[in-house]
Structure formats: structure tokens, C-alpha cells
Enquirer: 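Would you mind keeping the following structure in view while I ask a few things?
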Amino acid sequence: QYRENKDIISINCPNATSIEFEAFHGCINLQQACFPLVTSIESKAFMNCMNLKQVNSPQVTSIELYAFHKCSSLRKANFPRLTSISQEAFSSCTNLEKAHFSNAISIGCYAFQECSGLREANFLRATSIGQGAFLKCTNLEQALFPEVTSIDKLAFSSCTNLEQANFSKLTHIGEKAFTDCTNLQQ
């Protein structure tokens, strides 16, 4: 456990297979993390790592509750095998610019809430979007979700710059899912 260790700037764990609950919580000077064999990131693992800029974990399939909550410097997250994104996993990651998780099936409640720097969201295999998943992503311009059948309430509420959204298989739209999306064209 490195919880609240202010001396760590970079970490590379080539043999780790999971990142436990609150493992790096509050490591405010951590900037880069590389875990080539990790398959799961547990709850609050990197919560409040406000200087974390990049995470590279190509084998990760699940990210749990609040795992990257308030990682306000996070710009890049490489998780090509990710299938499950839990509640508030990336909430308040204000500098995250792109969310391209091509294998993600489910997006939990408030998963990307208040990611104000997010411009693109591409989830090619996702089938459901949880409540408030992209709430207040004020710079989100494009949303590509070709397999989504269900969008829960408030999912894209207050995404004031959202212009294009592709939901070709959509059968359910929750209450106020697109409230205050004043620029939405399609």
C-alpha cells in the first residue's frame, strides 16, 4: 500500500495483476503509472491523485467505484480491453480529453461526470449508459455509441457543447437524458 505517499512520482509494476482498494489513494505527486499485467483496478485505487497524467494498463478489464475520481490532471488512459466501468470511475477528471474504450460493455452511473475537458466519447460495444454517466461534460462534442440500447436518466444532461450523438440501436431514453444539450444536432 502506498496510500497518501507524497514521494511517489512514477510507478511501474511489471508483475502486478491487480491494484487493490485505495492502493494509491491520495498520492498527490504521482504523475505516471504503468501496470502491464493488471486486469482489475479496485475502488478508489487512484482517487485524489490530482497530478496523475497518464495510466497505461493494457490488460485491464474492470475499473471499480471511484478508481480515478478527482484525478484532475489525467489526460490519457489506455485500457483497450476494458469491459466494465463502475460508478464514478473517472468522475471529476477535468483534463481527460478523450474516452475511447472500444470494448467497454457497460458504463456505470456518473462514470465520467464533470469531466469538463472531455471532447469525444467513443464506446463501440457499450450497450447501456448509466444515470448521469456524462453529466456536466460541458466540452463533450461527439458521442459514438452504435450498440447502446438504453440510456439512463441524466446521462448527458448539461453537455452544452454536444453536437453529434450516434445511438443507432437505442430503444430506451431515460428522463432528462439530454437536458440542456442546446447544441445537439443529431
Enquirer: Would the distance check show the side chain of Ser116 and the main-chain N or O of Thr138 forming a donor-acceptor pair, the cut-off being under 3.5 Å?
Expert: no

Enquirer: Would you check, one step at a time, whether the test side chain to side chain contact (heavy atoms under 4.5 Å, CB included) holds for Ser92 with His69?
Expert: CA-CA 6 Å; Ser92 299; His69 177 68; 4.1 Å; yes

Enquirer: Which pair of non-hydrogen atoms, one from Ser86 and one from Ala111, has the smallest distance, and what is that distance?
Expert: O-CB, 3.9 Å

Enquirer: Look up atom CD in Gln113 and atom CD in Gln131, then write down how far apart they are to the nearest 0.5 Å.
Expert: 10.0 Å

Enquirer: Give me each pair satisfying salt bridge (charged side-chain N to carboxylate O under 4.0 Å, His left out) with a member in residues 134-158, each pair once, sequence neighbours excluded.
Expert: Arg119-Glu141, Glu147-Lys169

Enquirer: Check side-chain contact (heavy atoms from CB on, under 4.5 Å) between Ser102 and all other residues, then give those that pass, not counting sequence neighbours.
Expert: Leu124

Enquirer: Give, for atom CD of Gln87 and atom CD of Glu64, the distance between the pair rounded to the nearest 0.5 Å.
Expert: 11.0 Å

Enquirer: Identify the two heavy atoms, one from Gly26 and one from Cys49, that lie closest to each other, and give their separation to 0.1 Å.
Expert: N-SG, 4.2 Å

Enquirer: Side chains of Asn103 and Arg81: any donor to acceptor distance under 3.5 Å?
Expert: no

Enquirer: Do Leu65 and Val60 share a hydrophobic cluster (ILVMFWY, side-chain heavy atoms under 4.5 Å, transitive)?
Expert: no

Enquirer: Quick check for you: to the nearest 0.5 Å, what is the distance between Lys44 atom NZ and Glu88 atom CD?
Expert: 10.5 Å

Enquirer: How would you list, by chain and number, every residue that makes a side-chain contact (heavy atoms from CB on, under 4.5 Å) with Asn122, sequence neighbours excluded?
Expert: His100, Glu120, Leu144

Enquirer: What are the two closest heavy atoms between Ala155 and Gly130, and how far apart are they?
Expert: CB-O, 3.9 Å

Enquirer: Roughly how far, to the nearest 0.5 Å, is CD1 of Ile41 from CD1 of Ile85?
Expert: 11.0 Å

Enquirer: For the residue pair Tyr66 and Ser43, establish whether any side-chain heavy-atom pair is separated by less than 4.5 Å.
Expert: no

Enquirer: Looking at Leu30, is its backbone amide N or carbonyl O close enough to the side chain of Asn51 to form a donor-acceptor pair, meaning the two atoms are under 3.5 Å apart?
Expert: no

Enquirer: Looking at Ser168 and Pro146, would you say the former's side chain and the latter's main chain have a donor-acceptor pair under 3.5 Å?
Expert: yes

Enquirer: Just checking, any donor-acceptor pair under 3.5 angstrom between side chains of Gln164 and Gln142?
Expert: yes

Enquirer: Can you name the side-chain contact (heavy atoms from CB on, under 4.5 Å) partners of Leu170, sequence neighbours left out?
Expert: Val148, Ile151, Phe167, Ile173

Enquirer: Nearest 0.5 Å please: distance from the CG atom of Asn29 over to the CG atom of Leu52.
Expert: 11.5 Å

Enquirer: Measure across Cys93 and Phe68 and return the closest heavy-atom pair with its distance rounded to 0.1 Å.
Expert: SG-O, 3.1 Å

Enquirer: Please evaluate residues Phe79 and Val55 with respect to the criterion side chain to side chain contact (heavy atoms under 4.5 Å, CB included), reporting the C-alpha separation (whole Å), side-chain torsions for both, the decisive distance (0.1 Å), and the verdict.
Expert: CA-CA 9 Å; Phe79 304 110; Val55 178; 3.7 Å; yes

Enquirer: Indicate the ring-plane relationship of Phe123 and Phe112, choosing parallel, tilted or perpendicular according to the 30° and 60° boundaries.
Expert: perpendicular

Enquirer: Are Cys71 and Phe46 close enough, and set up right, to give a side chain to side chain contact (heavy atoms under 4.5 Å, CB included), and what steps lead you there?
Expert: CA-CA 7 Å; Cys71 290; Phe46 293 95; 4.2 Å; yes

Enquirer: Are Met47 and Leu82 connected in a single hydrophobic cluster, I mean Ile/Leu/Val/Met/Phe/Trp/Tyr linked by side-chain heavy atoms less than 4.5 Å apart?
Expert: no

Enquirer: Take Glu4 and His25 through the side chain to side chain contact (heavy atoms under 4.5 Å, CB included) test and state the conclusion after the steps.
Expert: CA-CA 6 Å; Glu4 296 184 9; His25 180 276; 4.1 Å; yes

Enquirer: Taking only residues two or more places apart in sequence or in another chain, which ones pass ring-ring contact (aromatic ring centres under 6.0 Å, His included) with Tyr110?
Expert: none

Enquirer: Please name the pair of heavy atoms, one in Lys176 and one in Ser157, separated by the smallest distance, quoted to 0.1 Å.
Expert: O-CB, 3.7 Å

Enquirer: Does Asn166 reach the main-chain N or O of Phe145 with its side chain, forming a donor-acceptor pair under 3.5 Å?
Expert: no

Enquirer: Just by modelled atom types, is the Thr149 backbone N or O under 3.5 Å from a matching donor or acceptor in the Thr171 side chain?
Expert: yes

Enquirer: Give a yes or no answer on whether the side chain of Asn161 reaches the backbone of Leu140 with a donor-acceptor pair at less than 3.5 Å.
Expert: no

Enquirer: With rounding to the nearest 0.5 angstrom, report the OG1 to CG distance, Thr179 to Leu135.
Expert: 10.0 Å

Enquirer: Could you check, using the six-membered ring where one of them is a Trp, whether Phe101 and Phe90 have ring centers closer than 6.0 angstrom?
Expert: yes

Enquirer: If you take all heavy atoms of Leu184 and Ala165, which pair is closest and at what distance?
Expert: CD1-CB, 4.0 Å

Enquirer: Pairs under 3.5 angstrom only: tabulate donor-acceptor contacts from the side chains of residues 5-18 to other protein residues two or more places apart or in another chain.
Expert:
unit_1	atom_1	unit_2	atom_2	d
Asn5	OD1	Asp7	N	2.7
Ser18	OG	Glu20	OE2	2.8

